[in-house]
Q: 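Take this structure first; my questions come after.
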Amino acid sequence: VPEKTPDGFGGPVPKGKEVSSLEDLKMCGAEANGPRGYRWLDCSEDPTCLKCIPFQKLQLAKDMQRACLDSELRKQRNDIIRKLLPPPEEAGPVIIMAANEKMVYLALNWACRMPSKMDGHEATQTMMFCMLHQVVEMGYHALLHDVDIAWLKTPWEPLLHSPKGINMDIQGQLAPRWDAHGVMNSGFVLFRSNAKVKVYLRTMVELTPLFMWLHSDQVIYNSLIRHWRFRQIHFQVVPRSVFLDLHTKDGVSGTMSQLTNETCIVHVISHSPFHKFQRMQQSKQWYLNDKCVTYTDSCHQKEVDQTGASKCHVNVKKECREEWELVCRKPGIEQRLIGLV
């Protein structure tokens, strides 16, 4: 693990600052010539982007930044992490996942597929990157993981043991797009704990106002990797057949035809929670049933309605519901950040 970053990486950081800010990075200026597309960094009047972010969203972003970086809150979260996890040198990658109420049933579906020995929109994205930064700072490798994913087999072989990936800083799933959302899908990415990645993730925390503005972590994540200050990050896009983006109308057509024996995960791509649920069913990747410990008789697939609002998640077993309420329902930004552990 490199103990320091290469010359020129992430900087020059202005004197007296820990990391480059939006004013220093000028993200909207850096992205002005592309790639463009839906939700790209478009602010022609201000290269720092700040003049294009609505005031209330900017204030909320600053509040969340303070909660993320507050030394006392960081200490509390560190204590929780150390209590829950073995030391970094003894642990595998930490899976970091966050869900709002509409997505909880998808997270439970993922948990149903896992072996029993495993323990188990803008604000959610911000909190997730905050926890990711903190876990990596503590020395753990971390897997940023969307809830709308099913594992067919463990992904650790192509991530941790592949000869092509072993020297990478960041590895993730392909986003097959030409626009600002490419080239990597931010919903399944492994971050190794080293000096370069720590600077990259600390800078992502500085970009919290952009999360509130664009409602897309993927554009910001890819834009920062393309930024000249971070070009020395070594990243690998894992082959599509290994981490498959799931587009299908019937469980047979679409990208289902690309499913192979090498496929480790399928990741449902849709803006609609209902369509995510539907595609999981069609591809036979729905496991939240009476064989799963989080299932009750009142929790059934027909109760997920067309609007995407899940009635299912309120009927899961009491102990599981309480675990998710720690994330979803605790009042206050600081408590929600601590709850995400």
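Below, each value reflects all heavy atoms present in this structure, side chains not excepted, and no hydrogens, waters or symmetry copies.
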Q: Under a 3.5 Å threshold, yes or no: a donor from one side chain and an acceptor from the other, between Glu262 and Thr260?
A: no

Q: Before we go on, tell me: are the rings of His145 and Phe188 under 6.0 Å apart, centre to centre?
A: yes

Q: Would Leu152 and Val147 show up in the same hydrophobic cluster when neighbours are defined by side-chain heavy atoms closer than 4.5 Å?
A: yes

Q: Going by side-chain hydrogen bond (donor to acceptor under 3.5 Å, both in side chains), name the residues that satisfy it together with Asp42, two or more places apart in sequence or in a different chain.
A: none

Q: What residues, two or more places apart in sequence or in another chain, satisfy side-chain hydrogen bond (donor to acceptor under 3.5 Å, both in side chains) together with Asp146?
A: His267

Q: Would you give me the side-chain donor-acceptor pairs under 3.5 Å for residues 158-167, sequence neighbours excluded?
A:
from   : atom 1 : to     : atom 2 : distance (Å)
Ser162 : OG     : Lys164 : N      : 3.3

Q: Between Cys43 and Cys28, is the SG gap short of 2.5 Å?
A: no

Q: Which residues pass the salt bridge (Lys or Arg N to Asp or Glu O under 4.0 Å) test with Arg74, not counting sequence neighbours?
A: none

Q: For Arg192 and Gln171, which I'm curious about, is there any donor-acceptor pair between the side chains at under 3.5 Å?
A: yes

Q: Count I, L, V, M, F, W, Y as connected when their side-chain heavy atoms are under 4.5 Å apart, and connections chain through other members. Are Phe235 and Met168 then in the same cluster?
A: no

Q: Would a 4.5 Å heavy-atom cut-off, applied to side chains only, mark Met64 and Met212 as touching?
A: yes

Q: Taking salt bridge (Lys or Arg N to Asp or Glu O under 4.0 Å) as the test, write out the residues that go with Lys75, two or more places apart.
A: Asp79

Q: Should Leu143 and Val189 count as side-chain neighbours, where that means a heavy-atom distance under 4.5 Å?
A: no

Q: Say whether, by atom type as modelled, one donor and one acceptor occur between the side chain of Gln218 and the main chain of His181 under 3.5 angstrom.
A: yes

Q: Decide yes or no for His227 and Tyr200: does some side-chain heavy atom of the first lie under 4.5 Å from some side-chain heavy atom of the second?
A: no

Q: Check whether Leu84 and Val94 end up in the same hydrophobic cluster, where Ile, Leu, Val, Met, Phe, Trp and Tyr are linked by side-chain heavy atoms less than 4.5 Å apart.
A: yes

Q: Going hydrophobic residue to hydrophobic residue with side-chain gaps under 4.5 angstrom, can you get from Leu85 over to Phe191?
A: yes

Q: Taking transitive links into account, so neighbours of neighbours count too, which hydrophobic residues share a cluster with Trp178 at under 4.5 Å side-chain distance?
A: none

Q: In the single-linkage hydrophobic clustering (I, L, V, M, F, W, Y; side-chain heavy atoms under 4.5 Å), do Met138 and Val136 co-cluster?
A: yes

Q: So which of Leu207, Asn185, Ile170, Leu144 actually passes side chain to side chain contact (heavy atoms under 4.5 Å, CB included) with Tyr221?
A: Ile170

